[in-house]
Amino acid sequence: MEKQLESQGLSRRKFLKVGGGITFLVTAVGLPALVFKKGELAESKQISAWVHLSSDGTVTIYNPASEMGQGTMTALAAIFAEEMDADWSKVKIENAPVEPEIYGIGWGGERGGSMLTVGSRSVSGHFNNLRQSGAQARYALLSAVAEKWGVDRKELKTDSGLVFHPKSNKKITYGEIVEFVKIPESVPEIPDSDLKNPKDFKLIGRDYQRYDVPFKVDGSAIYSGDIHVPGMVYAAIVRSPVNGTQPELKNETAIRGIKGVLNLVSLEHGIGVVASNMETALKAKAMMEITWNGDPKAKSHNSQDAYEEYEALSKSSQTGSIVAQSGDLNRELPKAQKTIRADYKNDYIYHAQMEPLNAVAHVKADSAELWVGTQAADGTRNDVANHLGLDFKAVNLHTCYLGGGFGRRSMTDFVIEAVDISKAVNLPVKLQWTREDDLQYGAFRPISLQKLEAGIDQNGNINSWKHVVVGTGGGLLGSGADIPFYDIPNKLIEVRNIDHGVRTKHWRAVGHGPNKFAIETFVDEIALEQKKDPYQLRRELMKNHPRELAVLDKVADMAKWGSSVPEGRARGIAFAERSGSLAAGICEISVDRSTGKIKVHNIWGSLDGGVVVHPANAKYQMEGSLVMGLSSVLFESITFKEGQVEQSNFYDYPILRMEDAPEEIMLEIIPSTEKPTGIGEAGLPFMGAIISNAFAALTGKRLRHMPFTPEKVLEVLAS
Amino acid sequence: MQYSFILNEKPVQVTAEEDANLLWTLRERLKLTGTKFGCGVSLCGACTVHLDGKPVKSCITPLSQAVGKKVTTIEGLSEDRSHPLQVAWIEEQVPQCGYCQSGQIMQAAALLAENPNPNREEIIKHMNGVLCRCGTYLRILKAIEKTAQKV
């Protein structure tokens with residue numbers, strides 16, 4: 001069994017440390033030889049910041065993004081290996097150390113920036129950079145061989161880990177170059193014309209296996225909770241049930257008296273217990289009697305009443321922030337021949353990643369060492385350094401696999417907790433959140449009310465479009481609210497926000513989930529009202545947008561939209577974009593009218609993600625995101641009563657189980673030479689609408705409030 | 001207290017508290033971390049191991065219940081990922097985040113040991129207690145069906 005610790009950057013971090021915190025430029029691919037221990041020099045060499053080459057031909061490529069299930073550790077390495085022309089069968093992948101200057105990307109994909117893994121940006125953001133860096137590594141190898149053989153570098157060619165010189169018929173493997181390679185001081189930027197011609201790609205756009213999969217079928221993949229540090233103790237925390245309240249422990253003596261309890265640590269938002277073993281930490285946590293003080297804003301929040309507050313705010317003269325505006329809606333909407341209105345609602349939902357939050361921290365006098373599954377490698381390092389008053393370099397963060405992230409692990413709250421506790425007890429600490437902690441102290445996708453209004457002109461066309469999103473969570477509400485691919489002359493899209501004092505956060509696809517549900521359901525309602533086919537109405541609206549149209553046509557073609565559907569079933573269609581990717585979906589459902597249970601039988605999906613680096617995995621990401629989307633649409637709801645979350649574990653916050661998975665999912669990717677776009681969330685946003693639209697086609701009734709639980713379905717059927 | 005049982009075919013002896021539990025003993029005392037903590041109340045199946053060949057949720061299993069019995073974890077399913085289900089899991093590229101997959105595989109292995117050729121309905125019924133958030137269910141199904149046909 002391969003040691004996963006080795007392949008998660010722990011060893012590499014150590015050897016980089018030997019050099020004493022070396023910072024190296026990406027363009028200067030050379031690394032000082034002093035980072036290698038004596039005796040290793042002949043066997044392996046660091047060719048650049050991105051790659052390490054061993055004499056046996058092993059090519060170790062560094063993964064700059066968090067691996068939370070999306071598979072980018074493989075795709076990113078494949079981009080690099082493609083241009084380096086490495087032998088893929090000899091590639092190993094390790095997590096890059098936390099050096100954002102080298103491994104980070106800006107929002108435009110520029111080098112440097114952050115290692116934050118969010119927004120499905122890893123492949124799209126790193127694509128050009130990794131092609132360039134791979135080509136530079138190849139250049140360094142070719143330069144060494146050219147010098148050795150006394151030939152012109154330009155006469156050399158490569159083929160999957162082999163350099164050859166056609167004129168002299170000489171050949172050498174990459175591994176053999178290690179013996180004599182001198183790392184150049186700097187390597188020039190390789191012009192685009194010298195990068196591989198896409199028709200010669202061996203990896204990009206081809207099928208290959210994910211690097212992490214074998215470690216995930218034998219239990220050897222290391223998540224942060226799997227870390228053991230000598231002398232480590234265990235911690236659990238009781239956190240404020242109402243955000244912003246402060247704890248007062250009533251039975252401290254009793255808790256301290258529990259055998260195995262080592263200490264108690266007061267935090268602003270809770271009380272931590274430290275014990276010699278996990279069971280005792282959890283038991284002591286459960287036994288704590290705490291009075292919660294303070295009267296924070298969250299205390300007055302009742303989520304079921306929030307929709308009324310949103311309704312009132314939507315009617316007020318106050319204007320929110322404008323997401324998009326064109327034409328003159330206020331002039332044109334009143335002139336409409338016909339006005340169509342509908343409101344949509346969505347409850348808060350919870351990330352429910354399978355791995356409850358946890359972290360291992362060891363805070364020492366002038367440094368800190370951390371093991372974390374995080375989407376924010378450098379953000380975590382920086383937050384911890386700032387929190388402790390340390391230099392960034394004094395914080396050594398080992399990144400581990402994430403048992404799901406979905407946005408929750410881009411926060412650093414759980415790491416700061418572990419740091420505070422470790423500092424207080426002066427020992428390495430494993431902090432474990434229970435599922436109840438993870439849920440009740442979650443940070444949720446915002447609740448919102450969506451008010452839509454469309455004006456139809458005398459020709460039956462949509463002339464005006466007004467969409468007001470009212471909810472909580474500020475900037476989280478607006479994503480995906482715009483509809484640039486639907487040509488409607490007068491448009492006003494606006495977000496209005498109420499801060500309830502509760503925690504909200506990005507949740508896979510962010511605002512796109514609720515907003516596309518509202519938009520795409522509303523388009524369906526307009527179509528039915530206008531007696532148009534909902535697919536054809538969308539075709540009309542996006543007739544000037546060929547890429548979008550191709551995606552929509554593809555899914556219609558795949559599902560044979562318009563053909564007959566088995567008795568008792570119906571279909572719904574929708575379109576959505578996310579992170580630059582374009583996606584369309586169709587589902588076929590039936591409804592048990594006695595129980596109110598919706599069964600999704602089939603889903604068809606089409607995707608344009610630009611150049612797709614790893615198509616098999618891209619499709620699987622789309623499958624995963626639409627299954628997760630289905631779960632959220634059918635089952636998931638977080639409610640607050642007087643600021644307190646009412647759910648606590650999977651019995652009252654059910655997520656989709658195997659019995660409710662679609663029977664079949666059929667996906668196709670549209671071939672493209674456009675730049676890569678983000679794929680990891682693209683299947684999720686249309687899910688609410690395709691189900692609501694199919695339900696309307698089947699029953700003539702409309703579901704406008706997610707989730708579509710059996711109770712809500714029965715209520716709507718009876719209306 | 002001393003607890004003795006057979007772990008992945010080898011006898012082990014563990015010293016632990018009276019209220020020690022099987023999951024945390026495997027993970028923290030024995031450092032076999034392939035078995036995961038997911039919900040703590042037998043609702044997600046991430047902690048599934050075999051006790052005398054039967055699938056149990058180790059998160060709610062007191063360590064005392066393992067005494068004298070055979071415990072098999074994902075690490076003991078095979079030495080080299082050669083169990084037919086592990087082979088199928090790799091062929092079908094089932095895992096995404098991977099956190100639930102030890103539990104999925106252990107649950108599936110118990111099914112095939114008892115019923116080598118289950119139909120889809122039987123598989124779903126047997127696997128329904130193991131949650132996956134990444135949406136890998138259809139590939140899990142496919143991997144089990146593929147293995148069942150081979151066994």
Side-chain angles (χ1 to χ4, degrees), chain A residues 1 68-71 209-210 212-223 225-226 228 234 259-260 277-280 282-283 352-356 401-406 432 434-436 616-617 620-621 623-628 630-631 649-651 655-659 661-662 664-665, chain B residues 16-17 19-21 23-25 27-29 31-41 43-44 46 73-75 77-81 83 85-87 89-91 93-102 105 120 123-125 127-141:
Chain A
M1 191 187 293
M68 52 185 144
Q70 83 280 35
Q209 297 203 329
R210 274 174 60 150
D212 54 339
V213 161
F215 311 119
K216 291 176 175 178
V217 305
D218 67 0
S220 67
I222 298 295
Y223 304 80
D226 302 338
H228 292 98
Y234 298 86
K259 189 172 168 245
N277 62 76
M278 188 71 87
E279 291 94 330
T280 303
L282 297 176
K283 181 175 74 180
Q353 76 289 343
M354 286 314 301
E355 180 194 14
Y401 280 119
L402 286 70
F406 313 121
Q432 180 65 56
T434 63
R435 176 59 60 187
E436 291 81 3
N617 188 60
Y620 199 28
Q621 281 307 297
E623 176 171 329
S625 62
L626 60 84
V627 171
M628 185 170 169
L630 177 60
S631 176
N649 204 319
F650 293 123
Y651 64 89
I655 64 171
L656 187 131
R657 292 183 180 275
M658 188 183 270
E659 65 183 4
E664 219 176 334
I665 296 172
Chain B
E17 295 68 19
D19 53 2
N21 121 330
L23 171 66
W24 296 118
T25 299
R27 288 185 53 78
E28 303 302 329
R29 297 186 179 90
K31 299 184 171 54
L32 286 184
T33 54
T35 305
K36 302 302 186 197
F37 167 68
C39 71
V41 288
L43 287 170
C44 80
T73 69
I74 187 73
E75 291 89 348
L77 195 61
S78 74
E79 281 187 8
D80 49 2
R81 304 176 189 131
H83 186 283
L85 282 170
Q86 290 171 310
V87 172
W89 243 248
I90 293 173
E91 274 176 15
Q93 295 279 288
V94 173
Q96 288 193 17
C97 90
Y99 195 78
C100 73
Q101 298 297 341
S102 298
I105 292 169
R120 184 164 266 229
I123 297 173
I124 292 173
K125 194 172 172 224
M127 297 302 295
N128 208 46
V130 192
L131 288 173
C132 169
R133 186 53 155 170
C134 301
T136 67
Y137 293 126
L138 292 192
R139 287 205 186 174
I140 291 171
L141 259 174

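Naming convention: chains lettered A, B, ... in sequence-line order (proteins, then strands); numbering from 1 in each chain.
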Please report the interatomic distance [atom1]([X]) to [atom2]([Y]), rounded to the nearest 0.5 Å.
| X | Y | atom1 | atom2 | result |
| --- | --- | --- | --- | --- |
| A:Glu279 | B:Asn21 | CD | CG | 5.0 Å |
| A:Glu623 | B:Leu138 | CD | CG | 5.0 Å |
| A:Glu659 | B:Ile124 | CD | CD1 | 8.5 Å |
| B:Gln86 | A:Asp218 | CD | CG | 6.5 Å |
| A:Gln209 | B:Ile90 | CD | CD1 | 7.0 Å |
| B:Cys97 | A:Lys216 | SG | NZ | 6.5 Å |

**Prompt:** At a heavy-atom separation under 4.5 Å, does B:Thr73 approach chain A through its side chain, its backbone, both, or neither?
**Reply:**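 Contact with chain A involves no heavy atom of B:Thr73 at all.
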
Between [options], which residue shows the highest count of heavy-atom pairs closer than 4.5 Å to chain A?
| options | value |
| --- | --- |
| B:Val130, B:Asn128, B:Thr136 | B:Asn128 |
| B:Met127, B:Glu17, B:Gln101, B:His83 | B:Glu17 |
| B:Gly34, B:Gly40, B:Cys39 | B:Cys39 |
| B:Gly38, B:Gly135, B:Cys134 | B:Gly38 |

Can you tell which part of [X] gets under 4.5 Å to a heavy atom of chain B, answering side chain, backbone, both or neither?
| X | result |
| --- | --- |
| A:Phe406 | side chain |
| A:Ile655 | both |
| A:Leu630 | neither |

Flag side-chain contact, heavy atom, 4.5 Å: [X] against [Y]:
| X | Y | result |
| --- | --- | --- |
| A:Arg435 | B:Val41 | no |
| A:Pro214 | B:Arg81 | yes |
| B:Gln93 | A:Tyr620 | no |
| A:Val217 | B:Pro95 | yes |
| A:Tyr651 | B:Leu43 | yes |
| A:Asn277 | B:Glu28 | no |

**Listed partners of A:Glu436 passing salt bridge (charged side-chain N to carboxylate O under 4.0 Å, His left out), at least two apart** =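 Expected list: none.
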
Can you name the nearest heavy-atom pair linking [X] to [Y], along with the distance?
| X | Y | answer |
| --- | --- | --- |
| A:Ala616 | B:Arg139 | O-NH2, 4.0 Å |
| A:Val213 | B:Trp89 | CG1-O, 4.3 Å |
| B:Leu131 | A:Leu656 | CD2-O, 3.8 Å |
| B:Arg133 | A:Ala352 | CG-O, 3.3 Å |
| A:Arg657 | B:Tyr137 | CA-OH, 3.6 Å |

Only pairs of heavy atoms separated by less than 4.5 Å count here; which of [options] has the most with chain B?
| options | result |
| --- | --- |
| A:Gln621, A:Gln70, A:Gln353 | A:Gln621 |
| A:Leu626, A:Val627, A:Asn617 | A:Val627 |
| A:Met68, A:Lys283, A:Arg210, A:Lys259 | A:Arg210 |

**Message:** Suppose we screen for side chain to side chain contact (heavy atoms under 4.5 Å, CB included). Which residues come up paired with A:Asp226, at least two apart in sequence or across chains?
**Reply:**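 A:Asp226 satisfies side chain to side chain contact (heavy atoms under 4.5 Å, CB included) with A:Ile222, A:Tyr223, B:Arg27, B:Thr33, B:Lys36 once adjacent residues are dropped.
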
